[in-house]
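Okay, so here's the structure we're looking at.
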Amino acid sequence: MYKFIQFICATILAGTPFLYGTVGEILTEKSGNLNLGVEGMMFMGGIAGLAGAFYYEKFTAVPIGGIAALIAVVCAFCCAALGALIYCFLTITLRANQNVTGLALTIFGTGFGNFFGEVLSSRAGGYVAVSAATKAVFNGNVPVLSSIPTVGKLLFSYNFAVYLAVIVAIAIALFLNRTRKGLSLRAVGENPATADAAGINVTLYKYLATCIGGGICGIGGMYIVMVTCSGVWVNNCISGYGWIAVALVIFVTWSPWRALIGSFIFGGLSVLRYYLHLGLNNAQSQLYDVVPYAATVIVLIITGIRQSREHAIPASCGENYFREER
Amino acid sequence: MADELNAIKLVDITKSFGNVVANNRISLDVRKGEILALLGENGSGKTTLMNILSGIYFPDGGRIYVSGREVTIRSPKEAFELGIGMIHQHFKLIDVLTAAENIVLGLPGSVGINRKALFAEIKELASRYGFEIDTGKKIYDMSVSEKQTVEIIKVLYRGADILILDEPTAVLTPQETEKLFNVLRNMKADGKAIIIITHKLNEVLAVSDRVSILRKGESVGTVDTAKTTQQELTDLMVGRRVSLEIDRPQPDENAVECLKIVDLTCKSPEGHRVLDSVSFSLYSGEILGIAGIAGSGQRELCESIAGLYPVHGGAILCRVQSQDGDYRENIVGMKPTEIIKRGVAMAFVPEDRLGMGLVASMDMTDNMMLKSYRSGKGIFTDRKTPRAMAENLIKRLDIVTPGVSTPVRLLSGGNVQKVLVGREIASSPSVLVVAYPVRGLDINSSYTIYDLLNEQKKKGVAVLFIGEDLDVLMELCDRVMVLCGGRVTGIVDPKSTTKEQIGLLMAGAGSGKAASS
C-alpha cells in the first residue's frame with residue numbers, strides 16, 4: 001500500500017511537465033497554429049527559469065526561496081513565449097510553413113537551452129545549481145494538510161508547480177468552453193475566414209493564444225529543470241518530453257480536461273519501472289524507455305481510426321490564413 | 001431621389017488582383033425597403049464588389065456611402081457596425097459549433113454566455129420573419145437550407161439593415177427557394193435593403209425590384225424588374241444576343257443498354273445507407289438527369305460507378321464491346337484502373353472539380369497526362385500528345401488561359417470546367433458521368449457545356465447528368481431520376497412532368513407513383 005501511494009506521487013510529479021506541454025499546445029492548436037516547437041520552447045523555458053532563479057540568488061544578499069521560484073516561473077513563461085512569438089511572426093505575419101517553422105523552433109530552442117546552460121555552468125564554475133532554499137520550494141508540499149495520513153500524501157504532498165499546472169489546465173478548459181472569447185478562439189482555429197467575417201481579430205487571437213500557449217509549455221521545461229533535475233542544468237534534459245506533449249494533444253483529443261488524465265497516465269508509464277522489480281539489465285531498461293513512445297504511436301493509430309467531428313483536430317490547424325486569398 | 005433613401009451608394013469602385021481588374025469604376029445604389037438583384041457572368045466582379053462592401057477586400061479606389069454618409073470599410077467588423085451583413089455563397093459557419101454559438105460568434109458581451117436568454121432571443125427573431133430554427137443543433141447535422149437559415153439569422157441578430165445574399169438559391173429545392181423569397185419579402189416590408197446575387201433569371205424576375213448588371217468588371221446598367229424580360233437581361237449580361245433555348249436532340253432510336261444498375265446499396269463509414277437499392281438503366285444516346293437535394297446520394301452514386309466508393313450490395317453491369325460480340329460485366333469491386341483496362345470506357349467528372357478532377361497547381365498538359373501517363377514508352381512519359389491535346393481543347397472549347405503551362409488553379413471556374421469535361425470526352429467514352437458540370441458557371445459557359453454534352457449524346461454516349469438546377473435538368477435531359485435520402489423516388493419524363501411534381505419527389509413524397517402520372 002505504501003508502495004502504491006509512492007507510485008501515485010511519483011506519477012503525479014512525472015506527469016506534470018506533460019500537462020504543461022499538452023495544455024500549452026492545446027491552446028496553441030485551438031488557434032489553428034500547429035506549433036511543433038514545444039520541445040524547443042521547453043528548453044527555452046527551462047534555461048530561462050534556471051537562469052532567472054540563479055541570478056536572483058547571486059545578486060541578492062538574502063535570497064528567499066519563494067521569490068526565486070516565482071522569478072523562475074515568470075522567466076520561463078516569458079522566454080518560451082518569446083520563442084512562440086518568433087513562430088507567430090514567421091507563420092502568421094510572413095505566412096511561412098507551420099511544420100517547418102515549428103521544427104526549426106525545436107532545433108533553435110534545443111541549441112539555445114544547451115548553449116546558455118553551458119555558459120551558465122562555466123560562469124558558475126563547473127556546474128550551475130540553485131540554492132538549497134529554492135530547491136526546497138520545488139520539493140515542497142502543502143503545509144499541515146500533507147500530514148494527513150494517506151489522503152494528505154496523495155493530494156497535498158506536491159510542490160506548487162503541480163497545483164499551478166492543474167489550475168492552468170482547468171482555467172483553459174473553462175475559457176475554451178464557457179466564455180465568449182474562448183468561443184471566438186475556437187472559431188479562429190476551426191475556420192478563420194468565418195471568424196474574420198464575424199468580426200473577430202484573427203491575427204490577434206492567433207498571436208495571443210500561441211504566445212501564451214508557448215509560455216505554458218516553457219513552464220513545463222522549467223519544471224523539468226527545477227524539479228526533475230533538482231535545479232541543476234543537465235544538457236538535453238528535456239529529451240523528448242515536448243514531442244510526447246505534441247502526441248498527447250492528439251491522445252486527449254484537444255480537451256484540457258482529458259489532458260489532466262492523459263498526462264498523468266504518461267507520467268505513470270515513465271516511472272512504472274522503478275516500482276515493478278522486473279530485474280531488467282541495462283539493455284532491457286533502455287528498451288523499457290521506449291514504452292511511452294510506443295504508447296504514443298499506438299494512441300496515434302487508434303485516434304486516427306476513430307473519426308469523430310467533436311474530437312477532431314481544429315479544422316484549420318496547420319494552415320495559414322490570408323484574408324484576400326482567392 | 002434624396003440621398004437618405006439610399007441605403008448604400010457605391011461610386012467608382014475599383015479593385016484589382018495583380019494584373020486582373022475585378023471591378024472597374026462600378027457605381028451602384030440600393031434603396032431602403034428594396035430588393036436589388038445583381039446579375040453578371042462568372043468573373044464579372046459581383047462577388048468581389050460585395051466582398052468590398054462586407055469588408056473582406058479593401059477597394060483600390062472609389063467611394064462608399066451608407067445612408068448618405070461617406071464611409072471607409074476596413075474589416076468585416078466595421079461592415080457590421082454599419083449594418084451591412086453578407087450571406088456568403090460558401091457558408092461561413094463553423095461545423096462543430098451549434099447554431100446559437102455561430103450566431104453570437106464574435107459579438108461583444110458578458111464574459112460567459114447565458115444560453116437560455118440567447119436561445120429565447122434567437123427564437124423570437126426567427127419567428128418575426130417566419131423562420132424555423134433549432135438553436136442547439138450542430139451545424140454538421142444540418143441540411144443546406146437549415147444552414148442558410150442560421151446564416152441569415154446571424155446577420156439579422158447583428159442588427160443588419162443591409163443584407164447581401166451571394167447565390168442563396170444555388171443549393172435549395174424549389175419549395176425552399178419559395179420559402180426564402182417569402183422571408184426576403186418580409187424583410188423588405190420591414191424596411192431592409194437587400195442585394196441578391198444570382199445566375200437564375202427567373203428568380204431575379206420573381207423577387208427583385210430592380211436589377212443591376214455587371215459585365216467584365218464594369219456596370220452596364222440598372223433596369224426596373226417590372227419593365228424587363230429574361231432575354232433583355234441575358235443580352236445585357238453577355239453583351240450580345242444569346243439563345244436561351246437548351247437544345248434537346250431526339251435520343252438514339254437503336255439505343256442499347258450501356259449501364260444497368262441493380263439494387264445498388266452503399267453504406268457510409270458511420271453505417272447508415274447512403275444508397276438504398278438503387279436500380280436503373282442508362283441507354284446509349286440519352287442524357288439521364290439526376291435530381292435531388294444536396295446529399296441525397298448523388299455523390300455516392302457517381303463514385304460507386306467510377307469504382308471509388310465501396311459498394312455494399314447490388315451490381316453495376318456495364319456493356320463491354322469485344323470481337324465475339326457484346327457482353328455484360330459486373331464492375332463492382334474493381335479498381336478504377338481495372339475498370340479502364342477492361343475496355344469499360346467511363347469518364348467521370350466529379351463534383352469537386354479542383355479537388356478530385358484536376359490538380360490545381362499543375363498546368364493543363366500535366367492534367368491531361370493524369371489520364372495518359374501510363375501510355376508512354378519506357379520510363380519516360382509522353383508529353384507531346386497531351387500537350388497537343390491541351391492546345392486542341394483550348395482552341396475547340398474557347399478556354400481562356402495564358403497558355404498550356406499555366407496552373408489550372410489560376411483559370412476561372414468556367415474554364416476549369418471546360419478543361420475537365422474536355423479531357424474526359426477526349427477519351428471517347430461510352431458512358432459519361434458528370435456531376436454538377438455547370439455549378440457556379442455563368443450562362444455563356446453553361447450553354448457551352450450543354451452543347452458539349454449534347455454532342456456526346458449524338459455520338460451515342462450514355463450521359464449521366466447530376467444537376468442542381470431543375471429548369472436545366474428538365475430542358476436538357478431525356479429522363480430525370482429523382483433521389484431522396486439514397487432512394488430512387490421516381491424516374492420521370494420531363495416533357496410531361498411539372499417542376500412542382502419533381503420538387504415533391506425530391507422531398508420524398510410518393511415513391512414511384514408520380515413517375516407514371
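Chain letters run A, B, ... following the sequence lines, proteins first and then strands; every chain starts at 1.
Of all residues spanning residues 193-205 of chain A, those with a heavy atom less than 4.5 Å away from chain B's heavy atoms are Ala193(A), Thr194(A), Asp196(A), Ala197(A), Ala198(A), Gly199(A), Ile200(A), arranged by number. Listed by sequence position, Arg74(B), Ser75(B), Pro76(B), Lys77(B) are the residues of residues 72-79 of chain B in contact with chain A, using a 4.5 angstrom heavy-atom cutoff.
Sorted by first and then second residue, the pairs that involve residues 151-161 of chain B and meet side-chain hydrogen bond (donor to acceptor under 3.5 Å, both in side chains), not counting sequence neighbours, are Glu121(B)-Tyr157(B).
The choice from Leu105(B), Val96(B), Val104(B) that makes the most heavy-atom pairs within less than 4.5 Å of chain A is Leu105(B). Contact count versus chain A (heavy atoms, under 4.5 Å) is highest, among Gly85(B), Gly55(B), Gly109(B), for Gly109(B). In terms of heavy-atom pairs under 4.5 angstrom with chain B, the leader among Pro314(A), Ala315(A), Ala187(A) is Ala187(A). Ranked by heavy-atom pairs under 4.5 Å with chain B, the first of Asn191(A), Leu183(A), Leu174(A) is Leu183(A). Across Val155(B), Leu107(B), Ile94(B), Asn51(B), the residue that shares the most heavy-atom pairs under 4.5 angstrom with chain A is Ile94(B). Among the candidates Arg115(B), Met86(B), Glu101(B), His88(B), the residue making the largest number of heavy-atom pairs closer than 4.5 Å to chain A is Glu101(B).
Atom CD of residue Glu190(A) and atom CG of residue Leu93(B) lie 12.5 Å apart, to the nearest 0.5 angstrom. Separating the CZ atom in Arg178(A) from the CD1 atom in Ile113(B) is a distance of 10.0 Å, to the nearest 0.5 Å.
The part of Leu97(B) that comes within reach of chain A is its side chain, from C-beta onward, which places non-hydrogen atoms under 4.5 angstrom from that chain.
Counting heavy-atom neighbours within 6.0 Å of Lys216(B) NZ, excluding the residue itself, gives a total of 12 or less.
Listed by chain and residue number, nothing satisfies the side chain to side chain donor-acceptor pair (under 3.5 Å) test with Arg180(A) (two or more places apart in sequence, or in another chain).
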